[in-house]
Protein chains: 4
Amino acid sequence: MFEGIEQTRREKALYSAAYELFTEKGITNTAINDIVIKAGVAKGTFYTYFKNKEDLLDRIILNKSMKVLHEAMLATKEEELASFNERLLTFVHHIIQYFEEDPIMLKLIHKNLSWGVLRKVRPKYKEMNDIYLMFKSEYEKEGITDLEIESLLFIIIDLVGSVCYHSIVLEEPAPIDQMKPILFKTIENII
Amino acid sequence: MFEGIEQTRREKALYSAAYELFTEKGITNTAINDIVIKAGVAKGTFYTYFKNKEDLLDRIILNKSMKVLHEAMLATKEEELASFNERLLTFVHHIIQYFEEDPIMLKLIHKNLSWGVLRKVRPKYKEMNDIYLMFKSEYEKEGITDLEIESLLFIIIDLVGSVCYHSIVLEEPAPIDQMKPILFKTIENII
Amino acid sequence: MFEGIEQTRREKALYSAAYELFTEKGITNTAINDIVIKAGVAKGTFYTYFKNKEDLLDRIILNKSMKVLHEAMLATKEEELASFNERLLTFVHHIIQYFEEDPIMLKLIHKNLSWGVLRKVRPKYKEMNDIYLMFKSEYEKEGITDLEIESLLFIIIDLVGSVCYHSIVLEEPAPIDQMKPILFKTIENII
Amino acid sequence: MFEGIEQTRREKALYSAAYELFTEKGITNTAINDIVIKAGVAKGTFYTYFKNKEDLLDRIILNKSMKVLHEAMLATKEEELASFNERLLTFVHHIIQYFEEDPIMLKLIHKNLSWGVLRKVRPKYKEMNDIYLMFKSEYEKEGITDLEIESLLFIIIDLVGSVCYHSIVLEEPAPIDQMKPILFKTIENII
DNA sequence: TATGAATGAGAATTCATTCAT
DNA sequence: GATGAATGAATTCTCATTCAT
């Protein structure tokens with residue numbers, strides 16, 4: 001999935017079986033038994049790879065969170081934009097697009113999509129670094145501290161995740177299309 | 001608690017026992033059995049007042065969410081400020097203060113503190129209306145729709161809740177004191 | 001069973017079902033499931049009365065141990081013997097007899113039949129006191145301490161239990177009939 | 001360990017890993033998995049050397065039991081005592097000393113320390129014969145049968161083991177120092 | 001021989017919910 | 001309304017054992 005993380009056939013099967021069941025039936029309604037049956041492995045195999053259901057869930061959320069940001073970053077890079085503002089808004093745009101295409105996933109990860117979590121694994125997964133570097137190269141000339149950079153990144157990702165969840169999944173207070181202008185305006189104001 | 005909601009001695013005991021256990025041990029680790037023992041009532045009594053654990057949890061979160069906003073609103077009104085900007089920032093300030101004094105509660109409700117939930121009960125609990133009216137009276141002259149007003153309210157409360165949770169509870173990406181200036185700046189820019 | 005210990009119908013059923021299964025199939029080969037089925041109660045009911053299988057086993061052993069000594073004591077009293085020596089040897093005789101008639105039970109309890117365990121519950125079950133008093137009234141005039149009395153009681157019960165187990169259950173090193181004379185001789189020498 | 005029993009590096013590692021775990025965590029709480037990890041060998045290797053956990057346990061207990069008696073016998077022989085009574089009491093004394101120095105081991109083996117078990121392996125491990133011969137040479141001139149000799153040996157070892165376990169491990173009914181005089185007196189009376 | 005991933009039967013335990021008192 | 005013993009389905013998790021490498 002992400003560089004350096006090798007997975008056996010069975011581990012992968014457990015991941016995707018669990019992901020499908022969690023999104024379809026909900027986490028609480030998914031028994032470990034359901035997961036192993038869907039994955040086509042023995043019950044004991046689950047415990048070879050994961051401590052328990054929560055452990056598996058945490059890892060799924062981490063993987064998916066990274067994937068969203070990583071892919072949004074890749075798409076942004078391809079557009080070769082000149083200004084930082086454009087790059088950032090494009091990055092946000094791609095995140096929203098990703099969520100719009102996969103609201104089920106958003107539903108699963110939204111409570112945990114946070115730069116707070118991702119910054120911890122940044123050294124381990126170099127993909128996470130790209131995002132950080134986009135910010136850092138922009139701000140460091142202005143004498144802004146690393147902490148402030150991360151605070152900014154955090155607040156933006158948090159806001160995007162939260163607004164997307166409420167508008168896309170719950171359609172509260174309004175559908176995403178109506179929320180987008182406000183969201184972009186807000187982000188422009190923040191930076 | 002809030003107008004029109006009478007509670008018997010046993011119901012109150014269940015509420016506060018559950019609240020303490022949820023915050024101390026976590027929701028999943030709290031069994032209904034634990035709650036009734038702590039509340040000093042019989043197991044069957046639980047079902048006289050609540051459908052199940054989730055029902056009780058939802059009501060606790062709703063109560064606590066409303067309480068935060070209501071008390072922040074009361075404190076704001078007392079200061080008799082002239083401009084809308086001042087009133088709003090003061091309102092936010094009081095919410096943050098409330099959370100700083102009771103981070104345990106923040107931990108419990110943060111995932112559900114959302115204007116999206118509260119607007120639904122607005123007609124039932126008139127205290128919620130005050131907050132809405134502060135916004136409405138400011139914006140309606142400018143020809144802004146009700147939906148846009150609620151979107152704004154929503155985005156602000158969401159952002160405040162999310163930043164408070166991460167900075168106060170998790171101290172991510174930085175403690176609340178460092179996040180406050182950014183947060184206030186952001187909100188000023190939004191409105 | 002013993003005074004002051006009330007048992008509901010279900011608790012009793014669990015006790016005797018477990019006792020039968022433990023002696024028939026062995027402790028490890030008996031699942032809690034087997035016990036509840038035999039007792040005709042629901043699985044959860046087991047946990048209303050016992051912490052786990054070991055808890056139940058401990059209580060069975062305590063009960064049975066007490067029963068052996070108590071009944072041997074009753075039988076001894078009925079014979080209205082004059083000398084302490086006679087009373088003690090008769091007491092031992094009845095214990096052996098009890099074990100001979102119920103070797104299955106001996107097999108279950110032998111590792112835990114010890115005055116060390118029983119003295120702790122002495123205050124709770126007054127039947128245990130009778131045995132102690134037989135010794136105490138004999139020795140106290142001779143200025144022997146309580147501790148020494150209990151040590152003697154302990155060593156005798158321990159020896160009887162151990163010899164009975166090996167000779168009756170395992171027929172090692174010889175059947176009980178051949179061991180009895182040595183055992184009685186030994187006890188006579190001890191006192 | 002004992003003559004004729006060769007052990008590979010892995011087998012030895014399994015023995016001592018198991019012994020440590022059995023004494024530290026208890027037998028039931030020690031899984032074969034724990035043993036192989038501690039021994040640093042693969043799971044499958046366990047089954048090259050042992051049938052199952054019980055098989056390993058039995059062999060450990062046998063080894064340790066033999067070791068206690070063998071070493072006590074060696075120490076006794078060194079003292080070159082004239083009378084049988086002296087030799088026997090010295091033998092018992094050394095057994096007690098051994099247990100006092102290693103109560104953990106006593107805890108593990110006490111339920112199985114019995115001449116009943118050891119006599120069976122006597123032909124295989126000639127060290128066990130020495131103990132038997134000490135008795136036999138004393139008693140045979142008196143026309144006592146082999147069975148009676150073994151019964152005596154059995155009853156003494158059983159008593160010593162049982163008293164040591166209760167007094168050293170459980171300190172019931174009194175510490176070993178207080179029990180020793182009674183124990184020696186008893187043994188003297190038996191022989 | 002040695003390995004250790006994989007197995008899957010089976011054991012323990014939990015806990016929401018009911019209902020006779 | 002209040003009680004709490006009883007329920008039993010559901011779920012988690014363990015662990016001895018196998019076997020292809």
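Given the structure is predicted, the values throughout are model-derived calculations rather than measurements. Chain identifiers are assigned alphabetically (A, B, ...) following the order of the sequence lines, protein sequences preceding nucleic acid strands; residue numbering begins at 1 within each chain.
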When Thr23(C), Leu21(C), Leu57(C) are each screened for side chain to side chain contact (heavy atoms under 4.5 Å, CB included) with Thr30(C), the one that passes is Leu21(C)
Working to the nearest 0.5 angstrom, can you tell me the gap between [X] [atom1] and [Y] [atom2]?
X         : Y         : atom1 : atom2 : result
His166(A) : Ser114(B) : NE2   : OG    : 3.5 Å
Lys67(D)  : Met105(D) : NZ    : CE    : 7.0 Å
Glu54(A)  : Ile61(A)  : CD    : CD1   : 9.5 Å
Leu108(B) : Ile104(B) : CG    : CD1   : 9.5 Å
Ile32(B)  : Asn52(B)  : CD1   : CG    : 7.0 Å

Please work out which residues in residues 22-30 of chain C have a non-hydrogen atom less than 4.0 Å from an atom of DNA chain F and list them by number. none
Near-strand residues of residues 48-55 of chain A, defined as heavy-atom separation under 4.0 angstrom from DNA chain F: Asn52(A), Lys53(A)
What's the verdict on side-chain contact (heavy atoms from CB on, under 4.5 Å) for Lys25(B) and Asp34(B), showing C-alpha distance, side-chain angles and the deciding distance? CA-CA 11 Å; Lys25(B) 305 174 32 175; Asp34(B) 302 333; 3.0 Å; yes
Testing the basics here: between Met128(A) and Met66(A), what is the closest heavy-atom pair and its distance to 0.1 Å? CE-O, 3.5 Å
Contact summary for Lys53(D) and Ile27(D), nearest pair of heavy atoms: NZ-O, 3.1 Å
Inspect the contact between Arg59(B) and Asp55(B) and indicate whether a charged nitrogen and a carboxylate oxygen are less than 4.0 angstrom apart. yes
Which angle, rounded to 10°, do you find between the first-five-pair axis and the last-five-pair axis of the helix from dA2(E)-dT21(F) to dT21(E)-dA2(F)? 0°
Lys107(A) to Tyr165(A) six-membered ring, cation-pi geometry met (6.0 Å, 45°): no
Pair Asp58(A), Leu62(A) - check side-chain contact (heavy atoms from CB on, under 4.5 Å), show working. CA-CA 6 Å; Asp58(A) 287 347; Leu62(A) 186 63; over 6 Å; no
By nearest heavy atom, map Ala31(C) and Ala31(B) onto DNA chain E; which one lands nearer the 5' end? Ala31(C)
For chain D, the stretch of DNA chain E it reaches, first to last nucleotide, under 4.0 Å of its heavy atoms: dA2(E) to dA6(E)
Should Ser65(C) and Asn112(C) be marked as a side-chain contact (heavy atoms from CB on, under 4.5 Å) after you check the CA-CA gap, both sets of side-chain angles, and the distance that decides it? CA-CA 8 Å; Ser65(C) 299; Asn112(C) 301 277; 5.6 Å; no
So do Leu14(D) and Ile35(D) actually touch side chain to side chain, heavy atoms under 4.5 Å? yes
Could you list all the ring pair (Phe, Tyr, Trp, His ring centres under 6.0 Å) pairs where at least one residue sits in residues 30-52 of chain B, not counting sequence neighbours? Tyr15(B)-Phe50(B), Phe46(B)-Phe50(B)
Please list, in numerical order, the residues of residues 32-47 of chain B that have a heavy atom closer than 4.0 Å to any atom of DNA chain E. Ile32(B), Lys43(B), Tyr47(B)
